[in-house]
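Residue numbers run from 1 in the order of the sequence given.
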Amino acid sequence: MGHTATAEAGSGGLTATEHRLANGLRVVLSEDHLTPVAAVCLWYDVGSRHEVEGRTGLAHLFEHLMFQGSKQVHGNGHFELVQGAGGSLNGTTSFERTNYFETMPTHQLELALWLEADRMGSLLAALDDESMENQRDVVKNERRQRYDNVPYGTAFEKLTALAYPEGHPYHHTPIGSMADLDAATLEDARTFFRTYYAPNNAVLSVVGDIDPEQTLAWVEKYFGSIPGHDGKPAPRDGGLPEVIGEQLREVVVEDVPARALMAAYRLPEDGTRACDAADLALTVLGGGESSRLHNRLVRRDRTAVAAGFGLLRLAGAPSLGWLDVKTSGGVEVPAIEAAVDEELARFAAEGPTAEEMERAQAQLEREWLDRLGTVAGRADELCRFAVLFGDPQLALTAVDRVLAVTADEVREVAAARLRPDNRAVLVYEPVEGPEADENSDEEEGADQ
């Protein structure tokens with residue numbers, strides 16, 4: 001095997017080594033002998049940001065097609081073989097990548113590697129009109145069930161379209177539109193595979209109770225003969241001004257159980273210290289029941305039944321700070337919005353208290369360590385940092401970077417970005433009106 005290994009780096013005793021096959025496949029290994037399991041994670045550097053107008057949803061559709069059979073594994077065989085061996089598996093698509101992953105008993109690791117290599121190298125042998133139509137229908141049903149036919153289901157899609165202008169690579173979400181899903185052809189799928197599903201456009205991580213030498217031998221055996229190919233177009237530029245410059249707004253009248261205020265704020269790109277500072281700011285403001293917005297709106301004012309603020313990290317475009325408030329009883333959205341703006345203005349002026357800062361850093365530290373502490377979570381993070389930032393070792397020091405952020409930096413990013421002229425806003429109003437809205441809120445409150 002022709003490969004180079006990086007020097008080991010560690011955080012909390014975790015280590016990882018990187019290797020590269022002659023065909024360009026990057027391989028990251030991390031030993032963990034605590035339990036007799038191994039996680040395999042494969043990230044392809046392709047997501048919805050790589051799609052072109054008229055063919056949205058193709059990256060996600062192709063994720064489904066990857067489970068529809070390959071040269072030596074027919075139909076639903078990938079699921080059947082992994083689950084029959086005592087493992088679990090899935091795949092997901094985002095703006096910036098498509099990933100596939102299995103967690104297996106250690107003695108079944110070779111099976112997972114063979115399966116991933118078989119579909120990377122030979123999917124086109126099994127891709128036909130029948131599998132295309134089958135998975136097109138599956139994705140369309142997924143859109144109906146998760147987006148179109150559930151309360152607030154299209155909120156993310158609507159806010160994304162507002163926050164990123166027409167023509168921007170992040171203007172549409174990975175699920176795609178019904179029209180574009182209908183328009184996708186078998187040749188579109190084949191071209192997509194040839195363009196993006198190559199070893200030199202992927203990172204493979206294997207984490208857990210592994211023998212690195214044996215694992216590398218299996219990787220070389222099954223992946224080494226798959227040819228790489230060039231010609232992948234670079235993703236379109238996702239850069240935007242730091243501040244939108246105005247408040248973008250849409251009122252949605254739908255059959256929802258309660259009025260809602262949702263907003264997306266344009267925040268720093270992932271991989272930057274400013275993004276970590278923004279994450280801490282949103283954690284103090286809306287990360288759980290000890291947050292400022294929960295204390296103000298749910299506990300004190302009792303104008304909302306839920307209030308949260310989270311971060312969607314993005315590397316190729318501004319990240320999004322996601323505000324989500326569901327109103328209580330007959331409360332009108334302007335009252336909620338005024339309270340939110342008051343809290344954000346106070347935070348921008350004063351910043352977090354020492355206690356809030358300590359609590360937020362501890363919360364994010366715990367979340368990071370929870371991810372790195374599982375073989376599947378660590379495999380995913382090693383791939384993420386390799387694909388998006390070029391260095392898987394950065395995953396092992398992410399906690400240190402969060403803990404190094406100061407309260408002044410948190411206040412500064414909040415003052416610069418959490419402003420009314422830097423947000424896209426959705427206001428949800430129930431179809432039935434205020435009286436039915438009050439009844440719906442009582443049911444929602446009982447569920448909580």
Handout entry: Check against side-chain hydrogen bond (donor to acceptor under 3.5 Å, both in side chains), T283 and Q363
Key = CA-CA 8 Å; T283 302; Q363 183 173 330; 5.1 Å; no

Fill in the blank from the handout: Residues passing the side chain to side chain contact (heavy atoms under 4.5 Å, CB included) test with E53, sequence neighbours excluded, are none

Problem - Any pair counted as salt bridge (charged side-chain N to carboxylate O under 4.0 Å, His left out), so long as it reaches residues 304-325, sequence neighbours left out - result: D270-R313, D276-R313, D279-R313, D324-K326

Completion exercise
In short, salt bridge (charged side-chain N to carboxylate O under 4.0 Å, His left out) pairs touching residues 226-242 with sequence neighbours left out are D45-K232, E242-R417

Practice task
List in chain and number order the residues that pass salt bridge (Lys or Arg N to Asp or Glu O under 4.0 Å) with E96, two or more places apart in sequence or in another chain; answer none if no residue qualifies.
Solution key: none

Exercise for the section: Compute the ring centroids of Y196 and Y44, then answer whether they are less than 6.0 Å apart. Expected result: no

Exercise for the section: Using a cut-off of 6.0 Å, state whether more than 12 heavy atoms not belonging to E142 lie near its atom CD. Expected result: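 Check passes, neighbour count above 12.
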
Problem - The single option from D180, D188, T191 passing side chain to side chain donor-acceptor pair (under 3.5 Å) against R55 - result: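 Considering D180, D188, T191, a side chain to side chain donor-acceptor pair (under 3.5 Å) with R55 is found only for D188.
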
Exercise for the section: Run the salt-bridge test on R378 and E381 with the 4.0 Å N-O cut-off and return the result as yes or no. Expected result: no

Handout entry: Salt-bridge contact E63-R97 (side-chain N to carboxylate O under 4.0 Å)
Key = no

Practice task
Please say which of L311, V243, L320, L344 ends up in a side chain to side chain contact (heavy atoms under 4.5 Å, CB included) with Y265.
Solution key: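 Among the candidates, only L344 passes.
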
Practice task
Hey, could you give me each pair passing ring-ring contact (aromatic ring centres under 6.0 Å, His included) that has a residue in residues 240-261? Not counting sequence neighbours.
Solution key: none

Exercise for the section: Could you name each residue pair satisfying ring-ring contact (aromatic ring centres under 6.0 Å, His included) that touches residues 387-418, not counting sequence neighbours? Expected result: F385-F389

Practice task
On the 0 to 90° scale, with breaks at 30° and 60°, tag the F67-H78 ring pair as parallel, tilted or perpendicular.
Solution key: perpendicular

Practice task
Tell me whether the guanidinium CZ or amine NZ of R119 lies under 6.0 angstrom from the six-membered ring centre of F193 and within 45° of its axis.
Solution key: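 Geometry flag: not set, cation outside 6.0 Å or 45°.
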
Problem - Student check: side-chain heavy atoms of L312 and F156 closer than 4.5 Å - result: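 Yes, at least one pair of side-chain atoms sits under 4.5 Å.
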
